[in-house]
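Both ligands and their constituent atoms are indexed starting at 1 by order of listing. As the structure is a prediction and not an experimental result, all values here were calculated from the model.
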Amino acid sequence: MKILVTGGAGFIGGNFAHYMTNTYPEDQIVVLDALTYAGNLETLEPIMDKPNFKFVKGDIRDRAFIDDLFAKEKFDVVVNFAAESHVDRSIENPGLFVETNVMGVQVLLDVSLKYGVKRYHQVSTDEVYGDLPLDRKDLMFTEDTPLHTSSPYSASKASADLLVLAYHRTFKLPVTISRCSNNYGPYHFPEKLIPLMISRALADESLPVYGKGENVRDWLHVHDHCTAIDLVIRKGREGEVYNIGGHNERTNLEVVKTILKQLGKPESLIHFVTDRPGHDLRYAIDPTKIENELGWKPVYNFDTGIKQTIEWYLNNKTWWENIISGEYQDYYAKMYKDRQ
Ligand code: NAD
Ligand code: DAU
């Protein structure tokens with residue numbers, strides 16, 4: 001199989017590219033990424049020279065470029081991770097989120113249809129379901145929960161999901177969608193809660209916790225997200241949505257305190273700051289469908305996963321220090337000056 005992984009220089013797409021390249025040497029993995037501020041080629045360095053891996057720089061919004069790429073490469077499967085992914089940035093610049101997360105997806109759908117892709121998989125998010133109250137632990141998102149978005153980010157992801165399902169119903173494009181809860185693990189860009197808190201705590205800087213820190217997220221190790229997507233593209237039913245999550249709900253304050261404890265840093269670093277506008281209270285995924293239908297099971301629980309993740313950040317300081325200093329953005333020029 002030849003698999004296109006869009007957004008593969010980002011956090012989850014990068015982990016997925018590693019997983020697929022290493023697990024399936026007989027498959028060809030092509031990563032396409034525009035290398036926005038969130039895309040980092042250093043994430044792909046460990047697999048860059050593998051014979052079944054290739055990196056292409058390009059933008060999913062660029063129809064002519066994407067059409068040429070599909071004509072040339074004849075992909076069997078497309079897995080779309082490419083997106084603007086940070087809720088706070090979507091509050092600053094909603095338009096970019098519509099352009100990438102909606103219009104970019106439409107380009108991918110059109111081209112997948114034109115070139116007869118056998119499976120288009122859309123990587124979506126639990127944020128399309130909105131949020132749950134803090135005092136109703138019995139409630140969880142199922143695939144039938146109505147879409148009810150809060151931020152420009154989640155609205156753009158829900159719009160994309162609807163387009164994907166429309167291309168299935170109207171044009172019979174073979175699609176699947178997965179909606180996952182918050183991921184954590186290696187190569188997570190340090191603007192998101194967990195890597196931000198680890199990097200700032202290590203520098204003895206204050207840790208900005210929004211509101212009272214009582215919002216709840218349902219954390220899944222990125223490796224478990226990758227195995228779930230792999231199962232969905234191979235065994236998932238066309239036109240179906242699969243929720244992915246591992247029942248690891250934590251308040252933000254619990255997460256931050258766990259990080260501080262493991263790093264041996266004082267809780268006095270915590271600073272409560274103005275809340276995120278429209279801040280979703282609680283996410284919780286019911287993964288029964290993917291467990292029963294596809295036999296998926298996560299291997300990490302949060303307590304062991306977060307320990308390993310903190311260790312990864314301690315052992316891979318250059319990766320995130322280059323991001324913080326902006327040096328990673330010179331990497332493409334350095335690596336590719338002789339390759340083009
Ligand atoms: P990320 O921001 O780390 O990576 C996104 C990648 O997409 C970057 O490499 C970026 O360069 C690339 N990209 C952005 N615009 C592009 C464009 N126009 N053309 C080509 N490439 C482009 O994001 P992430 O956290 O890895 O999330 C990946 C996907 O998973 C997103 O679709 C996101 O909505 C979804 N998701 C994320 C989480 C999470 O917890 N991070 C959970 C559920 C779903
Ligand atoms: O649920 C899946 C979603 O998880 C994905 O679709 C998004 O792409 C991904 O970014 C993530 O969204 P969140 O908004 O939940 O993640 P973030 O890391 O930005 O924030 C996690 C929680 O921590 C949230 O309640 C806001 C809070 N927070 C975040 C930051 C960056 C803080 O309290 N302080 C911070 O500095």
Side-chain angles (χ1 to χ4, degrees), residues 5-17 31-41 43-44 56-62 65-66 79-91 96-97 99-101 103-105 107-108 122-129 131 141 150-151 153-154 156-157 160-161 178-185 187-197 200 206-222 225 229 243-245 250-253 255-256 270-276 278-285 332:
V5 178
T6 61
F11 165 45
I12 309 174
N15 276 280
F16 186 72
V31 161
L32 169 81
D33 199 294
L35 298 181
T36 69
Y37 81 94
N40 184 356
L41 267 192
T43 297
L44 296 172
V56 179
K57 184 171 189 268
D59 194 317
I60 59 167
R61 295 168 298 176
D62 184 343
F65 176 85
I66 297 293
V79 186
N80 179 35
F81 293 90
E84 288 294 333
S85 72
H86 192 33
V87 173
D88 292 331
R89 287 178 186 259
S90 81
I91 298 167
L96 177 60
F97 282 67
E99 283 168 25
T100 298
N101 299 0
M103 313 287 275
V105 166
V107 169
L108 291 176
Q122 175 70 7
V123 180
S124 185
T125 167
D126 60 358
E127 296 201 16
V128 300
Y129 299 122
D131 61 354
F141 300 134
S150 312
S151 69
Y153 163 70
S154 55
S156 69
K157 293 295 288 185
D161 284 10
S178 53
R179 294 181 179 146
C180 190
S181 58
N182 284 64
N183 282 212
Y184 67 98
Y187 302 111
H188 203 179
F189 196 86
E191 66 179 351
K192 304 285 177 73
L193 182 76
I194 288 179
L196 183 78
M197 298 300 164
R200 289 186 68 87
S206 67
L207 308 186
V209 172
Y210 298 164
K212 295 182 190 150
E214 64 189 358
N215 303 61
V216 171
R217 297 293 183 263
D218 182 0
W219 294 97
L220 187 78
H221 193 281
V222 64
H225 190 182
I229 293 174
N243 280 357
I244 309 172
R250 298 286 187 284
T251 66
N252 293 337
L253 203 51
V255 170
V256 173
I270 295 173
H271 280 235
F272 293 97
V273 299
T274 309
D275 211 349
R276 171 185 281 173
H279 198 172
D280 280 336
L281 290 173
R282 173 176 164 250
Y283 304 142
I285 279 279
Y332 182 79

To atom 10 (C) of ligand 1, the nearest of I66, T36, L193 on a heavy-atom basis is T36
Q) Going by distance only, is there an N or O of G10 that falls short of 3.5 Å from an N or O of ligand 1? A) yes
**OP:** Kindly confirm or rule out an N or O of C180 lying under 3.5 angstrom from an N or O of ligand 1.
**Re:** no
Atom 35 (C) of ligand 1: of D59, V87, V123, the nearest heavy atom sits on V123
| message | Quick check: do Y283 and E127 have side-chain heavy atoms less than 4.5 Å from each other? | response | yes
Contacts of E99 meeting side chain to side chain donor-acceptor pair (under 3.5 Å) (sequence neighbours excluded), chain-then-number -> R61
query = For D33 and ligand 1, does the shortest N/O to N/O distance drop below 3.5 Å?
reply = yes
OG1 (T36) and CG (D59) are apart, to the nearest 0.5 Å, by 9.5 Å
d(D218 CG, N182 CG) to nearest 0.5 Å is 7.5 Å
> Has ligand 1 got any nitrogen or oxygen that is less than 3.5 angstrom from a nitrogen or oxygen of F81?
Replying inline: yes
Close approach, G104 and ligand 1, non-hydrogen under 4.0 angstrom | no
Atom 21 (N) of ligand 1 sits nearest the protein heavy atom A34 N, 3.1 Å
- Query: Got a donor-acceptor contact below 3.5 angstrom from the N243 side chain to the F141 backbone?
  - Reply: yes
Side-chain H-bond candidate by donor/acceptor type, S85 with K192, under 3.5 Å: yes
Those residues at least two apart in sequence (or on a different chain) that pass salt bridge (Lys or Arg N to Asp or Glu O under 4.0 Å) with D88 are R276
Apply side-chain contact (heavy atoms from CB on, under 4.5 Å) to I194 and W219, showing your working. CA-CA 10 Å; I194 288 179; W219 294 97; 3.8 Å; yes
Those residues at least two apart in sequence (or on a different chain) that pass ring-ring contact (aromatic ring centres under 6.0 Å, His included) with Y184 are H221, F302
Atoms of ligand 1 under 4.0 Å from any heavy atom of G58, numbered from 1 in the order shown, are 19 (N), 20 (C)
Original post:
Can you list the steps and then say if F97 with R89 is a side-chain contact (heavy atoms from CB on, under 4.5 Å)?
Top reply: CA-CA 9 Å; F97 282 67; R89 287 178 186 259; 3.9 Å; yes
Quick note on ligand 1: atoms under 4.0 Å from a heavy atom of R61 include exactly 18 (N)
Pair L108, I66 - check side-chain contact (heavy atoms from CB on, under 4.5 Å), show working. CA-CA 8 Å; L108 291 176; I66 297 293; 4.2 Å; yes
Within 4.0 Å of some non-hydrogen atom of L35, the atoms of ligand 1 are 11 (O)
| query | Can you check whether S85 has an N/O within less than 3.5 Å of an N/O in ligand 1? | reply | yes
| said: For H225 and I229: C-alpha separation, side-chain torsions, deciding distance, then whether side-chain contact (heavy atoms from CB on, under 4.5 Å) applies. | reply: CA-CA 6 Å; H225 190 182; I229 293 174; 3.4 Å; yes
Near S124 (heavy-atom distance under 4.0 Å), the atoms of ligand 1 are 43 (C), 44 (C)
Need the list: ligand 2 N/O atoms against protein N/O atoms, distance under 3.5 Å, rounded to one decimal.
residue	atom	partner	partner atom	Å
ligand 2	1 (O)	D126	OD1	2.5
ligand 2	1 (O)	N182	OD1	2.7
ligand 2	4 (O)	N182	OD1	3.4
ligand 2	4 (O)	N182	ND2	3.1
ligand 2	6 (O)	T125	OG1	2.7
ligand 2	6 (O)	Y153	OH	2.6
ligand 2	8 (O)	S85	O	2.7
ligand 2	8 (O)	Y153	OH	3.0
ligand 2	10 (O)	S85	O	3.2
ligand 2	10 (O)	K192	NZ	3.1
ligand 2	12 (O)	E127	OE2	2.9
ligand 2	14 (O)	R276	NH1	2.6
ligand 2	14 (O)	R276	NH2	3.4
ligand 2	15 (O)	N182	ND2	2.9
ligand 2	15 (O)	R217	NE	2.8
ligand 2	18 (O)	L193	N	2.8
ligand 2	19 (O)	R276	NH2	2.9
ligand 2	23 (O)	N252	ND2	3.3
ligand 2	25 (O)	R217	NH2	3.2
ligand 2	25 (O)	N252	ND2	2.8
ligand 2	25 (O)	H279	NE2	2.6
ligand 2	33 (O)	Y210	N	2.8
ligand 2	34 (N)	P208	O	2.8
ligand 2	36 (O)	P208	O	3.3

One finds that the ligand 1 atoms under 4.0 Å from a non-hydrogen atom of S181 are 42 (C), 43 (C)
_Is T6 close enough to touch ligand 1? Criterion: a residue heavy atom under 4.0 Å from a ligand atom._
no
So the atoms of ligand 1 within less than 4.0 Å of a heavy atom of N182 turn out to be 40 (O)
dist Q122:CD -> R179:CZ (nearest 0.5 Å) comes out at 10.0 Å
If you scan protein heavy atoms around atom 19 (N) of ligand 1, the nearest is I60 N, 3.0 Å
Query - Within-cut-off N or O pair, N183 and ligand 1, under 3.5 Å - result: yes
Nearest non-hydrogen contact to atom 14 (C) of ligand 1 from the set A38, G7, A83 belongs to A83
Backbone N or O of S181 within a donor-acceptor pair of the N183 side chain at under 3.5 Å? yes
Parallel, tilted or perpendicular for F11 and H188, by the 30°/60° rule? parallel
Result for side-chain contact (heavy atoms from CB on, under 4.5 Å) between T6 and one of V123, D33, N80 points to N80
Counting from 1 in the order shown, the ligand 1 atoms closer than 4.0 Å to a non-hydrogen atom of K157 are 31 (C), 32 (O), 33 (C), 34 (O)
If you scan protein heavy atoms around atom 38 (C) of ligand 1, the nearest is I12 CD1, 3.5 Å
- Query: With only distance considered, is F11 within less than 3.5 Å of ligand 1 through an N or O on each side?
  - Reply: yes
Among F97, Y153, Y184, closest by heavy atom to atom 34 (O) of ligand 1 is Y153
Ignoring hydrogens and geometry, is there a side-chain-to-backbone donor-acceptor pair from N215 to N252 under 3.5 Å?
-> no
